[in-house]
Colleague: 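Mind looking over this structure? Questions follow.
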Amino acid sequence: LVLLLFCELVARVPWASPTPRAGDMVVNTIHWFRKGLRLHDNPSLRDSIQGADTLRCIYILDPWFAGSSNVGINRWRFLLHCLEDLDASLRKLNSRLFVIRGQPTDVFPRLFKEWHITRLSYEYDSEPFGKERDAAIQKLAKEAAVEVMVRISHTLYDLDKIIELNGGQSPLTYKRFQALINHMDAVELPVETITSEFIKKCATPISEDHDEKFGVPSLEELGFETEGLITAVWPGGETEALMRLERHLERKAWVANFERPRMNANSLLASPTGLSPYLRFGCLSCRLFYFKLTDLYRKVKKNSTPPLSLYGQLLWREFFYTTATNNPCFDKIEGNPVCVQIPWDRNPEALAKWAEGRTGFPWIDAIMTQLRQEGWIHHLARHAVACFLTRGDLWISWEEGMKVFEELLLDADWSVNAGSWMWLSCSSFFQQFFHCYCPVGFGRRTDPNSDYIRRYLPILRGFPAKYIYDPWNAPEEVQKAAKCIIGVHYPRPMVNHAEASRINIERMKQIYQQLSCYRGLGLLATVPANPNNGASGSNVAGVSTGTSQGPGGFSEDQSIQEGTSRTGTQARWLTLLLFKMYNAIKILTCY
Amino acid sequence: MKRVLQGNEQEDGGGTSAGSQETLKRPCKQRRENDLEEEGTRWECLPQEILLHIFQYLPLLDRAYASQVCRGWNQAFHMPELWRCFEFELNQPASSYLKATHPDLIKQIIKRHSNHLQYVSFKVDSSRESAEAACDILSQLVNCSLKTLGLISTARPSFMELPKSHFISALTVVFVNSKSLSSLKIDDTPVDDPSLKVLVANNSDTLKLLKMSSCPHVSPAGILCVADQCHGLRELALNYHLLSDELLIALSSEKHVHLEHLRIDVVSENPGQQFHTIKKSSWDAMVRHSPKFNLVMYFFLYEDEFGPFFRDEIPVTHLYFGRSVSKDVLGRVGLTCPRLVELVVCANGLRPLDEELIRIAQRCTQLSAIGLGECEVSCSAFVEFVKMCGDRLTQLSIMEEVLVPDHRYGLDDIHWEVSKHLGRVWFPDMMPTW
């Protein structure tokens with residue numbers, strides 16, 4: 001606890017003017033890159049350099065761990081690109097990146113000693129695992145009398161302040177989160193980019209054998225097989241990120257429309273203006289993006305105040321970081337106080353079919369193929385496959401889906417990935433569950449020409465658009481003409497969607513009826529009223545009494561539920577969740 | 001014990017448990033007095049009914065631990081009141097993340113408490129083994145009289161995988177031995193006509209609720225037999241293929257109590273399936289007999305299968321379209337469903353539903369809940385719709401993408417406009433941009 005407090009304290013102290021030191025004291029500093037792989041808007045790096053005599057920028061990775069980790073080759077490649085780019089940029093400043101092989105807790109005591117380090121800086125990591133790791137490093141630093149500088153720059157806001165504003169509880173809905181954001185101090189401006197002018201008094205000792213000892217490793221060195229690997233659709237690095245940001249803004253300026261673009265066939269493909277992986281790795285500062293957007297909006301809309309929706313992409317990310325920061329079980333069902341316990345099926349074969357794009361639904365399989373090949377899919381495509389895996393069709397746990405995304409998705413961040421999966425599987429955040437994306441109809445509506453399917457599933461190329469989303473319904477002669485027999489060359493659909501969605505909606509209803517204690521017939525009222533919907537949290541009663549529209553007294557499930565045990569763990573969990581929500585509401589209404 | 005009680009008080013918000021708190025305080029006082037008199041008798045002096053009350057708050061496992069404390073508590077553990085309700089959880093480690101009811105406990109219940117059981121449910125995971133285990137237990141419930149039986153599949157329904165005869169013989173054990181079944185929930189099971197006959201023969205006076213959606217082995221004649229004989233039936237859930245004019249007439253006969261809830265699932269197995277129609281006069285008879293009855297219909301059809309539906313007036317109150325439904329059908333809904341209370345549309349084509357929604361607002365004067373998924377509605381039409389319905393719209397769940405900005409309203413100002421007409425703060429349902 002003390003350590004944590006210390007860590008927070010450090011995070012809050014403005015380090016613009018470091019503690020004055022005795023004149024003869026040499027300041028040797030390490031900047032530890034984790035996320036935040038950039039030289040622009042990097043406040044901890046900037047502060048670290050100020051008044052320092054030497055600077056070493058390091059990145060720590062464990063090559064032995066790399067190959068065996070859950071992270072796929074595309075994500076490693078992206079990371080290595082980022083590191084190479086960082087090294088190249090540092091070279092221009094007469095410095096280098098030091099890639100250290102090992103584990104942070106082993107590495108730091110050695111480096112502190114070897115390099116006579118007096119200062120360590122890094123970007124604040126809000127995620128529970130990161131906080132724990134950093135606390136351990138803080139302790140090691142303290143033991144070695146190394147000053148630690150931590151600054152927030154991966155998120156727009158100090159998440160702890162958002163939680164404080166919410167009475168010490170993480171907000172449970174996005175609406176509530178937006179309301180809180182409106183009451184926060186303005187987002188801090190990005191700090192200046194590190195230039196050779198800025199760094200000139202601060203040298204980096206570089207040895208002859210730097211490349212051998214500290215060079216950026218190759219994928220092969222990390223134990224990956226690179227034969228047949230296609231060129232990266234998403235090249236990593238800060239340079240690329242900044243180029244994309246410019247293009248992104250140019251395009252926005254050109255269309256002069258700041259509303260969320262409606263999805264079409266084109267938006268399914270990787271876009272040269274896409275930014276999400278760059279935000280994930282911190283090649284792009286979210287604050288820089290935020291202010292560039294603001295400037296552009298003001299310019300185009302003649303100085304009117306930008307609405308919150310302008311920052312949608314950034315705020316969703318911020319929301320999930322906020323909900324996750326104090327919840328070490330955020331990525332699990334068990335022990336996670338914000339997650340509804342749904343009795344998901346355990347079915348490894350079905351899971352594998354989904355993950356490998358063998359479901360027999362071309363729309364789902366094409367998306368999963370794109371994800372595996374390129375590392376990115378459109379957010380509505382994510383909704384489609386996540387819904388299919390969980391509450392829509394396969395009834396498989398969102399944790400399993402999350403793990404697959406963690407392996408394949410470039411922009412998968414622990415908090416955002418888990419949060420989105422809970423959201424899409426309707427396991428949290430007061431989501432209505434009535435709508436399931438249809439694995440046939442959704443694709444057909446999005447891309448009626450089905451170019452997307454043909455691109456990622458060449459085997460189906462010969463099918464006419466009419467049948468390509470449900471090829472099992474194509475007459476035999478159509479299948480023959482397409483040179484693709486369903487059940488031979490391409491799998492039959494693994495579930496009957498109509499049947500599965502009928503069963504699953506019933507299950508969700510059962511679960512949520514228990515949660516909300518709602519006994520009426522309405523489907524929509526089954527989800528407990530969103531306590532954060534109104535800015536004042538006015539509809540509190542909705543959670544407790546339910547807005548029963550059904551017949552009073554003898555209603556649908558009562559007699560069945562009379563028979564169910566009152567002490568089932570599920571029921572206890574749900575009550576606990578409700579109780580927590582109550583508390584949150586009580587606090588909200590105090591505002 | 002103390003821990004759990006406290007937890008319960010908190011969870012109930014303090015309100016409902018006030019009574020129990022009082023009853024708990026008294027023995028405490030007694031206990032203190034007893035302490036003074038003679039040490040050692042304090043556990044025994046806890047009256048059985050209070051012990052029972054406490055035990056009812058405890059999860060089964062804690063109760064089992066408590067039963068090992070002393071003879072008195074052990075007796076309390078076996079009090080019939082504690083065994084009226086039981087939920088058998090049957091899960092296999094290979095197919096579920098959930099724990100299962102321990103086999104030893106199941107054995108003990110069958111041996112010592114099966115005559116106490118009244119409200120029984122089986123929660124079964126997707127494996128055939130679990131469904132089999134449920135049947136094994138059912139077939140041993142020979143000396144009990146159940147009031148409620150629920151066979152609940154928590155994942156993919158597995159009762160369907162059992163040999164029909166095996167399932168039926170287990171189920172009929174309960175039907176024959178329980179002479180006063182009032183609620184029966186057997187969705188997604190291979191129940192058939194002959195077994196329903198057994199049900200009727202033994203429980204016709206008491207049956208109030210029957211849920212049997214997706215039971216493919218039941219025929220319209222089978223369910224008709226239930227409706228003819230069970231005059232107390234108030235809630236019924238079944239698939240559309242079992243619905244007939246005769247069934248509705250039977251349910252509206254003078255001998256029959258008012259029906260409260262009829263749930264119909266309209267599911268298509270193959271594209272292009274043909275569906276029969278129900279006469280308007282049959283529905284009229286139903287409404288005359290049970291003016292307040294709720295008709296809940298869930299549609300899982302392909303777009304071109306809606307032909308026979310919504311041609312005549314239908315007393316549906318809750319409508320759910322689980323798959324894409326055409327603009328045309330939604331237009332007909334506005335014309336034929338005057339009793340509509342809730343409408344949920346998961347998906348529709350790309351043409352905006354403006355006129356259809358406005359017509360529904362005009363004609364469906366009871367409408368109080370609406371949910372729209374993959375549809376399109378222009379912001380102006382939506383505002384108009386909300387204006388017409390006003391604050392009777394207690395549930396308004398519209399996905400953000402549904403609303404198409406137009407010359408009058410953008411996405412940023414529509415929530416103000418809608419909130420104004422609703423009289424409460426409203427936002428569209430957002431999905432993460434991720």
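Here is the naming used below: chain letters follow the sequence lines, and residue numbers restart at 1 for every chain.
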Colleague: Below 4.5 Å from any heavy atom of chain B, which atoms of A:F434 appear? Answer side chain, backbone, both or neither.
Modeller: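 Contact with chain B: backbone and side chain both.
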
Colleague: Checking the side chain of A:H383 only, and the main-chain atoms of B:P432 only, is there a donor and an acceptor separated by less than 3.5 Å?
Modeller: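 Answer holds: yes.
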
Colleague: Working to the nearest 0.5 Å, report the span between SG of A:C387 and CE of B:M431.
Modeller: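 The SG atom of A:C387 sits 7.5 Å away from the CE atom of B:M431.
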
Colleague: If you look at every heavy atom in A:R445 and B:S324, which pair is closest and at what distance?
Modeller: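 Distance-wise, the nearest heavy atoms are NH1-OG, 4.1 Å.
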
Colleague: Is chain B contacted by the side chain of A:D345, its backbone, both, or neither, given a heavy-atom distance below 4.5 Å?
Modeller: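 Contact with chain B: backbone and side chain both.
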
Colleague: If I measure from the heavy atoms of chain A, does B:V345 come under 4.5 Å with its side chain, its backbone, both, or neither?
Modeller: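 Contact with chain A: backbone only.
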
Colleague: For the candidates B:D429, B:L372, B:L396, which exhibits the highest count of non-hydrogen atom pairs separated by less than 4.5 Å from chain A?
Modeller: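 It is B:L372.
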
Colleague: What are the two closest non-hydrogen atoms of A:L524 and B:S397, and how far apart are they?
Modeller: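 Of all heavy-atom pairs spanning A:L524 and B:S397, the closest is CD2-CB, 4.2 Å.
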
Colleague: Taking A:R346 for the side chain and B:L98 for the main chain, is one N or O donor matched with an acceptor at less than 3.5 Å?
Modeller: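 Not a single qualifying donor-acceptor pair exists.
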
Colleague: For the atom pair OG (B:S126) and CD1 (A:I503), what is the distance rounded to the nearest 0.5 Å?
Modeller: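 Here the interatomic distance stands at 11.0 Å.
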
Colleague: In terms of heavy-atom proximity below 4.5 Å to chain B, should A:S276 be classed as side chain, backbone, both, or neither?
Modeller: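 Neither; nothing under 4.5 Å.
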
Colleague: Restricting to non-hydrogen atoms, name the atom on A:W316 and the atom on B:M430 that form the minimum distance, rounded to 0.1 Å.
Modeller: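 Heavy atoms of A:W316 and B:M430 come nearest at CZ2-CB, 3.7 Å.
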
Colleague: Tell me the closest heavy-atom pair linking B:A155 and A:P343, and the distance in Å.
Modeller: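 Result for this residue pair: CB-O, 4.3 Å.
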
Colleague: Considering only heavy atoms, which portion of A:L394 lies under 4.5 Å from any heavy atom of chain B: side chain, backbone, both, or neither?
Modeller: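 Neither; nothing under 4.5 Å.
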
Colleague: Answer with side chain, backbone, both or neither: which region of A:E399 has an atom nearer than 4.5 Å to a non-hydrogen atom of chain B?
Modeller: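 Looking at A:E399, nothing touches chain B.
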
Colleague: Can you tell me which portion of A:L409 sits under 4.5 Å from chain B's heavy atoms? Options are side chain, backbone, both or neither.
Modeller: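 Side chain only.
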
Colleague: Please check if atom CH2 in A:W472 has more than 12 non-hydrogen atoms from other residues, nucleotides or ligands closer than 6.0 Å.
Modeller: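 Yes.
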
Colleague: Tell me the closest heavy-atom pair linking A:W344 and B:Y97, and the distance in Å.
Modeller: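 Shortest heavy-atom separation between A:W344 and B:Y97 comes out as O-CD1, 3.5 Å.
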
Colleague: I need the A:L521 CG to B:E260 CD distance, nearest 0.5 Å.
Modeller: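 Separation between the atoms: 9.5 Å.
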
Colleague: Most heavy-atom pairs under 4.5 angstrom with chain A, which of B:S127, B:S213, B:S214?
Modeller: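 Sorted descending by pairs with chain A, the first entry is B:S214.
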
Colleague: May I ask you to name which of A:A412, A:A498, A:G441 has the most heavy-atom pairs under 4.5 Å with chain B?
Modeller: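 Of A:A412, A:A498, A:G441, A:A498 has the most heavy-atom pairs under 4.5 Å with chain B.
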
Colleague: Got a second to check how far B:R156's CZ is from A:W395's CH2, nearest 0.5 Å?
Modeller: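 These two atoms lie 13.0 Å from each other.
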
Colleague: Any salt bridge between B:D187 and A:R502, counting N to O under 4.0 Å?
Modeller: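 No salt bridge links B:D187 with A:R502.
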
Colleague: Checking heavy atoms, do the side chain of A:Y437, its backbone, both or neither come under 4.5 Å from chain B?
Modeller: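 Contact with chain B involves both backbone and side-chain atoms of A:Y437.
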
Colleague: Does a sphere of radius 6.0 Å around CZ in B:R351 hold more than 12 heavy atoms from other residues, nucleotides or ligands, not counting ones at 6.0 Å or beyond?
Modeller: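 Counting neighbours around CZ of B:R351, 12 or fewer heavy atoms of other residues, nucleotides or ligands fall under 6.0 Å, so no.
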
Colleague: Return the option, out of A:R317, A:Q432, A:R382, with the maximum number of heavy-atom pairs under 4.5 Å with chain B.
Modeller: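 Going by pairs under 4.5 Å, I would pick A:R382.
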
Colleague: Between B:R263 and A:E506 (salt bridge meaning N to carboxylate O under 4.0 Å), is one present in this structure?
Modeller: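 Between A:E506 and B:R263 there is a salt bridge, with a charged N closer than 4.0 Å to a carboxylate O.
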
Colleague: What part of A:C436 gets closer than 4.5 Å to chain B, counting heavy atoms only: side chain, backbone, both or neither?
Modeller: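 For A:C436, the backbone is the part near chain B, not the side chain.
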
Colleague: Does any backbone or side-chain atom of A:N417 lie under 4.5 Å from a heavy atom of chain B? Answer side chain, backbone, both or neither.
Modeller: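 For A:N417, the contact with chain B is made by backbone and side chain together.
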
Colleague: Given the options A:R444, A:Q313, A:R507, which has more heavy-atom pairs under 4.5 Å with chain B than any of the others?
Modeller: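 Counting heavy-atom pairs under 4.5 Å, the top option is A:R507.
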
Colleague: Between A:S420, A:A500, A:C438, which has the largest tally of heavy atom pairs under 4.5 Å with chain B?
Modeller: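 Most pairs with chain B among the choices: A:S420.
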
Colleague: Do you know which of A:L523, A:N496, A:N347, A:D470 has the most heavy-atom pairs under 4.5 Å to chain B?
Modeller: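 Between A:L523, A:N496, A:N347, A:D470, the count favours A:L523.
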
